Amino acid sequence: MIISWNTTQACNISCIHCYRDAGIKRSDELDTAEGKKLLSEIAKAGFKIMIFSGGEPLLRPDIYELISFARSLGMRPVLGTNGILITPEVAGKLKKAGLACAGISLDSKDKAQHDKFRGSDGAWDKTLRGMAACRSAGLPFQIHTTVTNNNQDEITAITDFAVELGAVAHHIFFLVPAGRGKDIEATTLKTADYEPLLERILDKQTEVPIEIKPTCAPQFMRIAKQKNIPTRFTKGCLAGTSYCVILPNGDVHPCPYLPLKAGNVREKAFNLLWKESQLFHKFRHEPLTGGCSRCGYDDICGGCRARAYYYSDGNYLAEEPWCSCGR
């Protein structure tokens with residue numbers, strides 16, 4: 001199982017698609033002691049992969065302490081970062097703390113396009129310097145790319161670039177309208193482009209030595225099965241079943257893009273929330289509707305629940321709107 005903790009709302013840049021609408025630190029963010037208590041409860045619930053994200057998690061002075069503590073609990077700590085703040089010193093401290101991998105965002109091979117998307121001049125150059133620092137420190141890193149209709153044609157070229165840069169994986173995030181992402185909803189891929197890109201990504205997986213993982217595009221599981229392409233993954237959408245997110249103030253949501261609250265870790269231990277939440281129970285046991293109830297792949301795909309929620313006025317059990325299967 002895998003879990004994300006948005007450790008802070010603070011961020012050093014202003015990405016136009018940010019699902020958390022990050023920028024300024026919240027006054028009610030979990031402190032170090034609360035964070036360690038949370039991590040202990042996450043481990044008790046059986047989670048193995050602990051993602052520290054934000055905002056920008058490197059803006060938390062205690063991030064190294066939190067990573068080290070997660071490692072001591074037997075979890076695999078990873079980081080979601082824009083990479084700008086990763087200097088050689090920071091990379092060394094992250095490795096010493098026990099970080100398993102740094103996920104660094106890169107949305108285009110074109111500097112100007114990446115900088116515009118990230119709302120920060122010079123971001124591309126600083127991000128690549130961060131990757132180089134990780135490589136020099138012996139800290140594994142992977143590249144995270146958010147897909148829109150502006151960069152869809154270069155996605156597999158970014159995979160090749162990831163290989164060239166020494167990344168261990170390329171995780172490709174399909175835009176979900178949440179936070180500031182709602183303002184650029186028109187750039188999301190629709191059915192005509194969505195699935196052909198997934199096919200190109202899966203074909204690319206057979207050509208490169210690193211892992212490629214589409215995220216918020218659960219149809220990749222169906223397409224992989226149809227094309228007989230092996231994958232280590234077992235299901236597309238994990239929201240509320242084997243994945244959830246903790247917000248900076250301790251609220252628990254099924255995924256970063258679903259504004260549905262299961263509880264708050266200040267009010268109830270996370271391991272109990274994970275086990276007893278009625279919201280999570282619905283995600284795990286209530287049947288999907290529409291095309292997702294008819295396609296025959298709901299057990300390995302599940303459709304993007306956040307995208308269903310957004311495009312059906314809050315029905316998170318509705319069909320995936322951009323999937324051609326089951327219609």
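When a residue number appears, it is its place in the shown sequence, counting from 1. Keep in mind the model is a prediction, meaning the values are calculated, not measured.
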Open item on the list: Quick one: does any side-chain atom of Asp115 pair with a main-chain N or O of Gly122 as donor and acceptor, under 3.5 Å?
Closed with: yes

Task: Donor-acceptor under 3.5 Å (Thr87 side chain, Val90 main chain) - done: yes

TODO: Please check if the side chain of Glu56 supplies one atom and the backbone of Asn12 the other of a donor-acceptor pair under 3.5 Å.
DONE: no

- [ ] Evaluate the ring planes of His285 and His281, with Trp represented by its six-membered ring, and classify them as parallel (under 30°), tilted (30 to 60°) or perpendicular (over 60°).
- [x] tilted

TODO: Report the distance from atom CG of Asp153 to atom CG of Asn149, rounding to the nearest 0.5 Å.
DONE: 9.5 Å

Task: Centroid-centroid distance, Tyr64 to Phe69, less than 6.0 Å - done: no

Task: Contacts of type salt bridge (Lys or Arg N to Asp or Glu O under 4.0 Å), residue Glu65, not counting sequence neighbours - done: Lys36

TODO: Any pair with a residue in residues 242-269 that passes salt bridge (Lys or Arg N to Asp or Glu O under 4.0 Å), sequence neighbours left out, goes on the list, sorted by first then second residue, please.
DONE: Glu34-Arg266, Asp251-Lys261, Lys268-Glu276

Task: Leu59 CG to Cys11 SG distance, which is reported to the nearest 0.5 Å - done: 6.5 Å

Task: Thr145: partners by side chain to side chain donor-acceptor pair (under 3.5 Å), with sequence neighbours left out - done: His170

Open item on the list: Suppose the criterion is ring pair (Phe, Tyr, Trp, His ring centres under 6.0 Å): which pairs have a residue in residues 70-111, not counting sequence neighbours?
Closed with: none

Task: Atom pair CZ (Arg71) and CG (Leu73), whose distance is rounded to the nearest 0.5 Å - done: 11.5 Å

Task: Trp5 six-ring centre to Arg20 NZ/CZ under 6.0 Å and within 45° of normal - done: no

Task: Stepwise side chain to side chain contact (heavy atoms under 4.5 Å, CB included) check, Ile16 with Lys116 - done: CA-CA 8 Å; Ile16 64 174; Lys116 180 180 179 181; 5.8 Å; no

Open item on the list: Holding to salt bridge (Lys or Arg N to Asp or Glu O under 4.0 Å), I want the full list of residues that pass it with Asp107, two or more places apart in sequence or in another chain.
Closed with: Arg118

Task: salt bridge (Lys or Arg N to Asp or Glu O under 4.0 Å) contacts touching residues 130-146 (sequence neighbours left out) - done: none

- [ ] Let me see the working for Thr159 and Ile212 under side chain to side chain contact (heavy atoms under 4.5 Å, CB included), right down to the final yes or no.
- [x] CA-CA 8 Å; Thr159 298; Ile212 309 177; 3.6 Å; yes

- [ ] Taking atom types as modelled, find out whether Asn6 and Ser53 have a side-chain donor-acceptor pair closer than 3.5 angstrom.
- [x] yes

TODO: To the nearest 0.5 Å, tell me how far Ile172 CD1 sits from Ile158 CD1.
DONE: 8.0 Å

Task: By salt bridge (Lys or Arg N to Asp or Glu O under 4.0 Å) - contacts of Asp21 (at least two apart) - done: Arg180

Task: Inter- and intrachain pairs under ring pair (Phe, Tyr, Trp, His ring centres under 6.0 Å), touching residues 131-152, at least two apart - done: His144-His171, His144-Phe173

Open item on the list: I want to check a possible cation-pi pair here: Lys225 against Tyr297, using under 6.0 Å from ring centre and within 45° of the ring axis as the test.
Closed with: no

Task: Intermediate values then yes/no, side chain to side chain contact (heavy atoms under 4.5 Å, CB included), Ile184 and Phe117 - done: CA-CA 11 Å; Ile184 58 169; Phe117 194 68; 4.2 Å; yes

Task: Ring centers of Phe283, Tyr316 separated by less than 6.0 Å - done: yes

Cut-off 3.5 Å, no hydrogens considered: what does the side-chain donor-acceptor table look like for residues 92-99, sequence neighbours left out?
residue: Lys95; atom: NZ; partner: Gly138; partner atom: O; Å: 3.2

- [ ] Only pairs at least two apart or in different chains count here, so list each salt bridge (Lys or Arg N to Asp or Glu O under 4.0 Å) that has a residue in residues 297-313.
- [x] Arg307-Glu320

- [ ] Ignoring hydrogens and angles, state whether a donor on the side chain of Thr188 or Tyr194 is under 3.5 Å from an acceptor on the partner side chain.
- [x] no

Open item on the list: Applying side chain to side chain contact (heavy atoms under 4.5 Å, CB included), can you list everything that pairs with Lys25, at least two apart in sequence or on another chain?
Closed with: Thr8, Ala10, Glu29

Task: Ring center gap for Trp322 and Tyr311 short of 6.0 angstrom - done: yes

- [ ] Working to the nearest 0.5 Å, report the span between CG of Leu198 and CE of Met221.
- [x] 12.0 Å

Task: Any donor-acceptor N/O pair, Thr7 side chain to Gly54 backbone, under 3.5 Å - done: no

Open item on the list: Give me each pair satisfying salt bridge (Lys or Arg N to Asp or Glu O under 4.0 Å) with a member in residues 158-174, each pair once, sequence neighbours excluded.
Closed with: Asp160-Lys204

Task: Modelled atom types, side-chain donor and acceptor of Thr289 and Glu319, under 3.5 Å - done: no

Task: Interatomic distance, Tyr257 atom OH to Cys304 atom SG [nearest 0.5 angstrom] - done: 9.0 Å

Task: Polar side chain donor-acceptor pair, Asn82 to Ser105, under 3.5 angstrom - done: no

